[in-house]
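One structure below.
No hydrogens, no waters, no symmetry mates; every other heavy atom, side chains included, goes into these values. Order of listing sets the numbers, starting from 1, for every ligand and every atom in it. Positions are given from 1, in the same order as the sequence printed here.
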Amino acid sequence: MHVSVVGSGYIGTTIAAWFAELGHTVTNVDIDEDVVDAINAGEAPIHEPGLDELIGDHGGDTLVATTDYADVRDTDVTFLALPTPSEADGGIDLAAMKAGAESLGEAIAEKDDEHLVVVKSTVIPGTTEDVVTPIVEDAAGKTAGEAFHVAMNPEFLREGFALGDFRDPDKIVYGAESDAARDTLDRVYDPLVEAADGDPAIVETGIKEAEMIKYANNAFLATKISLINEIGNVCKEYGVDAYEVADAIALDHRIDEHFLRSGVGWGGSCFPKDMNAIRHAARDRDYDPVLLDAAVAVNDRQPERMLDLLGDHADVEGKRVAVLGLAFKPGTDDIRYTRAIPIIEGLQDRGADVVGYDPVATENMREKFPDIEYADSAADALADAHAAMVVTDWDEFAALNTEFDAMADPVVIDGRRVIERRDGLTYEGLTW
Ligand SMILES: NC(=O)c1ccc[n+]([C@@H]2O[C@H](COP(=O)([O-])OP(=O)(O)OC[C@H]3O[C@@H](n4cnc5c(N)ncnc54)[C@H](O)[C@@H]3O)[C@@H](O)[C@H]2O)c1
Ligand SMILES: O=c1ccn([C@@H]2O[C@H](COP(=O)(O)OP(=O)(O)O[C@H]3O[C@H](CO)[C@@H](O)[C@H](O)[C@H]3O)[C@@H](O)[C@H]2O)c(=O)[nH]1
């Protein structure tokens with residue numbers, strides 16, 4: 001099958017590479033020429049474990065990137081994997097979706113065969129049918145349900161585990177109103193269902209339901225983390241180890257072990273923006289989402305609690321403080337809404353000289369904070385530091401040992417439970 005993917009970011013590149021690996025011919029459209037050149041040269045434009053190999057195998061061959069939307073005409077189906085970032089009021093900014101829908105419509109205006117337009121991006125219920133479809137119709141001069149079909153197919157992969165998550169999903173959601181759309185999605189996903197280790201459920205549902213399933217999924221997970229963070233904060237006040245508590249409650253199959261790691265909270269390109277969007281959408285219909293608001297409030301407070309713990313042990317004004325971990329989670333160079341941002345800002349407010357270290361996210365963070373120091377290794381960041389704030393649970397931090405001996409004051413505030421308590425270290429865990 002010939003598949004096109006519009007947008008070559010974290011999602012678009014991953015799914016384009018996987019579709020090629022599954023045997024489809026893939027056209028990947030992006031407006032960024034550097035991204036297009038990288039893919040055609042066989043290089044991944046983002047850091048994602050295993051993606052370099054996959055793009056290396058298919059980039060410039062059965063996976064071809066282009067800035068020219070006209071190339072989608074040769075394809076049977078187009079996945080729109082465009083950004084839907086937060087606006088200032090929390091609603092989603094649909095500028096890229098609208099621009100992409102228009103360019104796609106103009107391209108398929110000159111196509112004779114039927115086409116399937118699939119919204120892959122995370123969008124508020126109603127967006128696919130009320131915003132994207134009319135734009136494609138106008139630009140194509142064609143009617144949805146006749147010359148082209150529409151579907152919504154949300155994506156649930158996690159950054160850092162993107163390739164494994166995409167190949168072996170718990171579920172694949174087809175939001176569609178026509179058999180033609182569902183049949184085309186089947187032809188796209190059949191090779192994946194065959195290759196998957198597990199037995200992914202195919203959820204056939206309406207378009208609005210598919211849009212909402214994505215938000216419900218993320219809202220549930222983000223709220224689950226905020227709940228364990230709230231419990232963890234109470235645990236800390238009573239000298240109780242929140243991780244022992246979490247391990248025990250996880251044995252109840254109704255709770256389960258996943259997303260129960262308390263600490264400095266959730267960041268990333270999805271949970272913060274999706275929580276903002278769904279709360280904004282609720283308010284738009286005069287519903288007050290009190291629990292979702294509370295989950296965000298707990299999350300916003302965790303970095304401040306970490307800075308307060310630091311304040312219990314050190315006055316950092318004019319002192320060097322190491323921030324270990326800049327990415328929002330291990331395995332990615334993505335710094336969108338990383339907890340490292342409020343931690344660095346809080347340290348700067350307290351007059352500290354911040355030195356940041358991350359195995360892969362330094363260059364992205366340098367654009368956000370050009371004036372702080374960046375170290376080439378955790379050891380270099382720790383040398384002569386008066387305190388260290390552990391923000392990301394990279395494995396390499398767990399292996400740190402004698403490196404702490406070079407600190408001016410061995411104060412470690414751990415936001416992710418990666419460092420072992422040990423003699424000689426003034427160690428504080430955020431919730432343990
Ligand atoms: N990042 C994730 O792990 C993840 C997971 C599930 C769902 N999603 C959703 O997928 C969508 C995309 O997210 P992302 O993280 O991949 O975004 P991203 O910002 O990483 O990438 C978006 C890409 O689109 C390109 N682009 C922008 N406007 C364009 C246009 N008009 N035409 C062609 N290309 C254009 C940009 O150059 C960029 O390469 C969002 O709705 C997001 O919520 C993301
Ligand atoms: O027990 C946990 C698990 C995660 N986190 C934090 O939560 C954030 C998000 O982590 P994760 O969900 O692993 O990464 P994402 O790549 O943001 O993936 C989420 O967001 C994606 C985009 O919508 C969805 O596709 C995924 O299903 C959903 O897990 C990170 O800051 C983690 O550090 C915790 O604090 N404790």
Side-chain angles (χ1 to χ4, degrees), residues 4-16 28-36 38-39 45-46 48 65-69 72 78-86 92-104 119-124 127 153-162 165-166 169-171 211 214-215 217-222 224-229 232 243 246 250 257-275 277 299 302 325 327-332 334-340 391-393 415-417 430-431:
S4 48
V5 177
V6 172
S8 314
Y10 285 87
I11 285 299
T13 310
T14 303
I15 70 171
N28 200 176
V29 184
D30 202 285
I31 48 174
D32 185 330
E33 283 186 18
D34 291 342
V35 165
V36 166
I39 292 171
I46 50 153
E48 183 62 45
T66 176
T67 55
D68 189 356
Y69 271 82
V72 305
T78 304
F79 287 80
L80 292 171
L82 291 164
T84 50
S86 285
I92 52 173
D93 176 349
L94 288 174
M97 289 300 290
K98 289 177 179 171
E102 188 170 355
S103 304
L104 175 61
V119 172
K120 192 53 145 168
S121 301
T122 303
V123 292
I124 289 295
T127 307
N153 169 230
E155 182 52 55
F156 302 96
L157 62 76
R158 296 161 298 165
E159 290 181 25
F161 302 94
D165 282 356
F166 187 72
D170 295 325
K171 58 182 176 286
E211 292 168 325
K214 174 63 194 174
Y215 283 105
N217 221 89
N218 274 359
F220 196 98
L221 293 172
K224 186 176 183 186
I225 300 168
S226 282
L227 177 58
I228 199 65
N229 282 344
Y243 275 65
E257 76 206 78
H258 300 290
F259 281 61
L260 280 186
R261 291 184 63 85
S262 56
V264 68
W266 36 267
S269 66
C270 292
F271 286 173
K273 115 177 141 57
D274 293 350
M275 287 292 269
N299 198 54
Q302 291 309 87
F328 82 94
K329 60 183 269 189
T332 181
D334 197 341
I335 59 152
R336 290 179 280 185
Y337 293 96
T338 169
R339 306 282 78 197
V391 180
T392 315
D393 36 345
R416 296 289 185 190
R417 201 181 176 103
L430 192 49
T431 59

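When the heavy atoms of Thr332, Ile225, Asp274 are ranked by distance to atom 5 (N) of ligand 2, first place goes to Ile225. Between the choices Leu82, Asp32, Val29, the shortest heavy-atom distance to atom 35 (C) of ligand 1 belongs to Leu82. In this structure, of Phe156, Tyr10, Phe259, Phe328, the residue bringing a heavy atom nearest to atom 31 (O) of ligand 2 is Phe328. Around atom 6 (C) of ligand 2, the closest heavy atom drawn from Trp266, Tyr215, Phe166 belongs to Trp266. Nearest-residue assignment for atom 1 (O) of ligand 2 (options Arg416, Arg336, Arg261; heavy-atom criterion): Arg261. Considering Ile31, Thr84, Asp30 only, the shortest heavy-atom separation from atom 40 (C) of ligand 1 involves Thr84. Taking each of Ser226, Gly331, Cys270, Ser262 in turn, the one with a heavy atom nearest to atom 22 (C) of ligand 2 proves to be Cys270. The residue among Phe166, Phe79, Tyr10, Phe156 with a heavy atom at the shortest distance from atom 20 (O) of ligand 1 is Tyr10.
The cationic group of Lys171 lies under 6.0 Å from the six-membered ring centre of Phe156 and within 45° of the ring axis, placing it in a cation-pi geometry.
For ligand 2, the atoms sitting less than 4.0 Å from at least one non-hydrogen atom of Glu159 are 16 (O), numbered in the order shown with element in parentheses. Close approach of ligand 1 to Lys214 is summarised as follows: ligand atoms under 4.0 Å from at least one heavy atom of the residue are 6 (C). In the vicinity of Glu159, heavy-atom distances shorter than 4.0 Å reach the ligand 1 atoms 1 (N), 2 (C), 3 (O).
Between Arg336 and ligand 1, at least one N/O pair is under 3.5 Å apart. Below 3.5 Å of separation, one finds no N or O of Glu155 facing any N or O of ligand 1. When only interatomic distances are considered, the shortest N/O to N/O separation between Lys273 and ligand 1 falls below 3.5 Å. Residue-to-ligand polar distances place Ile11 within reach of ligand 1: an N/O pair is separated by less than 3.5 Å.
Residue contacts with ligand 1 for Tyr69 involve side-chain atoms from C-beta outward but no N, CA, C or O (heavy atoms, distance under 4.0 Å). With a 4.0 Å heavy-atom cut-off, ligand 2 is reached by the side chain of Asn218 but not by its N, CA, C or O.
Residue contact check for ligand 2: Gly263 places no non-hydrogen atom closer than 4.0 Å to it.
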